[in-house]
K.L.:
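Sending over a structure as structure tokens; questions will come in a sec.
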There are 2 protein chains.
Amino acid sequence: MMTQINKHLKKEQKGEDRGCCGIPGIPGPRFLKAFSDSTRLRILAHLVEAKVPQMVSEIAKNFPIDVSVVSRHLAILRDEGILLAEKQGKEVYYSVRYEFLSSIFRGFASAIESRCPPKEKNG
Amino acid sequence: MMTQINKHLKKEQKGEDRGCCGIPGIPGPRFLKAFSDSTRLRILAHLVEAKVPQMVSEIAKNFPIDVSVVSRHLAILRDEGILLAEKQGKEVYYSVRYEFLSSIFRGFASAIESRCPPKEKNG
DNA sequence: TGTTTATTTGTGTCATCATGCAACTATTAT
DNA sequence: ATAATAGTTGCATGATGACACAAATAAACA
């Protein structure tokens with residue numbers, strides 16, 4: 001039996017963070033902060049390449065830090081909706097929410113691009 | 001006369017940060033960290049909406065923090081290639097590098113999306 | 001020259017964060 | 001029930017970061 005334990009839904013709905021800058025499509029700073037740590041980025045990349053849900057202890061084997069730290073990093077990514085966590089017995093399997101992630105960043109790119117003023121002929 | 005003062009070129013070429021996770025298309029943590037602060041995000045959004053290069057003191061008027069702090073935030077965004085800085089006399093005009101920004105995030109989205117494993121029929 | 005204005009940089013402070021270790025919870029097995 | 005395993009959380013610490021204020025730099029002007 002699978003149990004989803006994503007509390008990110010609550011936080012997203014609180015809306016204290018998303019859209020803080022007033023431009024739709026630009027994610028909130030807390031979401032983007034989740035990518036600001038090199039260890040967290042590597043953990044994300046590891047899961048992206050794994051293509052399969054991985055448990056915490058397996059992930060932690062790839063990094064020279066304590067399992068508890070990995071667990072915390074995973075929780076941060078999960079809380080922002082970047083990862084999905086599924087508990088199966090003792091283990092918790094983390095996987096990437098590909099569509100969510102790509103849609104957010106594609107929306108970010110579009111938000112910026114759509115506001116690009118037409119180029120003047122200079123130079 | 002315009003003088004570009006973007007030192008980000010050096011940092012980008014150092015390569016200590018970009019591609020740190022090994023997956024091409026995923027930006028480095030320092031680049032993403034530039035977006036992790038709410039003030040910095042608002043400054044960026046302000047410039048995006050301005051659509052025209054703005055000088056530091058003009059930008060600072062929109063935020064309840066010291067000009068020096070705004071200057072530092074702008075420098076961080078400039079060093080990551082997010083903003084362009086052009087000195088004109090005493091003033092320094094900052095503007096958004098729209099194409100650069102959107103291409104980075106679109107590339108990020110594509111890097112994630114392209115690694116999304118095919119969906120299984122579950123549930 | 002000296003003066004004013006725009007921006008950057010030095011410095012100290014307070015808050016946040018990544019980390020390790022220990023304790024705790026939850027689940028499985030004996 | 002007891003033990004073992006997986007994961008999370010409490011707590012202390014060192015590093016980093018945002019901020020204010022002051023000093024330094026740079027450019028225009030008297």
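By convention in this document, chain letters (A, B, ...) are assigned in the order of the sequence lines, proteins followed by strands, and residues within each chain are numbered from 1. On a predicted model such as this, the values are computed, not experimentally measured, just so you know.
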K.L.:
Rounded to whole angstroms, how far apart are CG on Asp79(B) and C1' on dT8(C)?
P.N.:
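Atom-to-atom, Asp79(B) to dT8(C), this comes out as 12 Å.
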K.L.:
Can a donor-acceptor pair under 3.5 Å be found between the side-chain atoms of Arg72(B) and the base atoms of dG17(D)?
P.N.:
no
K.L.:
Look at the side chain of Arg115(B) and the backbone N and O of Ala111(B), then say whether any donor-acceptor pair between them is shorter than 3.5 Å.
P.N.:
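Checking the backbone N and O of Ala111(B) against the side chain of Arg115(B), a donor-acceptor pair under 3.5 Å is found.
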K.L.:
As a quick check of understanding, evaluate salt bridge (charged side-chain N to carboxylate O under 4.0 Å, His left out) for Arg106(B) and Glu113(A), giving each step before the final call.
P.N.:
CA-CA 10 Å; Arg106(B) 213 175 291 279; Glu113(A) 196 178 46; 2.6 Å; yes
K.L.:
Nearest to the side chain of Thr39(B), which nucleotide is it out of dT19(C), dC19(D), dT8(C)?
P.N.:
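Looking only at heavy atoms from C-beta outward on Thr39(B), the closest nucleotide is dC19(D).
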K.L.:
Evaluate the ring planes of Phe105(A) and Phe31(A), with Trp represented by its six-membered ring, and classify them as parallel (under 30°), tilted (30 to 60°) or perpendicular (over 60°).
P.N.:
tilted
K.L.:
Which one, dG20(C), dA6(C), dG17(D), comes nearest to the side chain of Asp66(A)?
P.N.:
dG20(C)
K.L.:
Rounding to an integer number of Å, can you tell me how far Glu86(B) CD sits from dT8(C) P?
P.N.:
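Going from CD in Glu86(B) over to P in dT8(C) covers 13 Å.
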K.L.:
NZ of Lys87(A) versus P of dT8(D): gap in Å, rounded?
P.N.:
8 Å
K.L.:
Please tell me which of Arg40(A) and Val69(B) maps to the more 5' nucleotide of DNA chain C, matching each residue to the nucleotide holding its nearest heavy atom.
P.N.:
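Closer to the 5' end of DNA chain C: Val69(B).
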K.L.:
Can you tell me how far P of dT16(C) sits from CG of Asp37(B), to the nearest Å?
P.N.:
12 Å
K.L.:
Closer than 3.5 angstrom, by distance alone: can the side chain of Arg40(B) be matched with the main-chain N or O of Lys33(B) as a donor-acceptor pair?
P.N.:
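Pair found, side chain donor or acceptor close to backbone of Lys33(B).
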K.L.:
Do Arg42(A) and Ser38(A) meet the criterion of a side-chain donor-acceptor pair at a distance under 3.5 Å?
P.N.:
yes
K.L.:
Closest to the Ser68(B) side chain: dA27(D), dT8(C), dT27(C)?
P.N.:
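So the nucleotide nearest the side chain must be dT8(C).
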K.L.:
Any idea which of dT5(C), dT7(C), dG10(D) is nearest the Lys90(B) side chain?
P.N.:
dT5(C)
K.L.:
Can you find a side chain N or O atom of Ser57(A) that sits less than 4.0 Å from OP1 or OP2 on dT5(D)?
P.N.:
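Looking at the OP1 and OP2 atoms of dT5(D), neither is under 4.0 Å from any side-chain N or O of Ser57(A).
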K.L.:
Looking at dT7(C), I'd like to know if its phosphate oxygens (OP1 or OP2) sit under 4.0 Å from a side-chain N or O belonging to Ser71(B).
P.N.:
no
K.L.:
Atom CZ of Arg42(B) and atom P of dC19(D): how far apart are they, to the nearest Å?
P.N.:
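Taking atom P of dC19(D) as the reference, CZ of Arg42(B) is at 9 Å.
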K.L.:
Just how far, in rounded Å, is P of dA6(D) from CD of Gln54(A)?
P.N.:
15 Å
K.L.:
Select from Lys33(A) and Ile65(A) the residue whose nearest nucleotide in DNA chain C is closer to the 5' end of that strand.
P.N.:
Lys33(A)
K.L.:
Is His73(A) near enough to dC17(C) that one of its side-chain N or O atoms lies under 4.0 angstrom from OP1 or OP2?
P.N.:
no
K.L.:
Could you tell me the separation between the NZ atom of Lys61(A) and the P atom of dA6(D), rounded to a whole number of Å?
P.N.:
8 Å
K.L.:
Can you tell me how far P of dC19(D) sits from CD1 of Ile76(B), to the nearest Å?
P.N.:
10 Å
K.L.:
With respect to the side chain of Tyr94(B), which nucleotide from dA26(D), dA18(D), dT8(C) is positioned closest?
P.N.:
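The nucleotide sitting nearest to the side chain is dT8(C).
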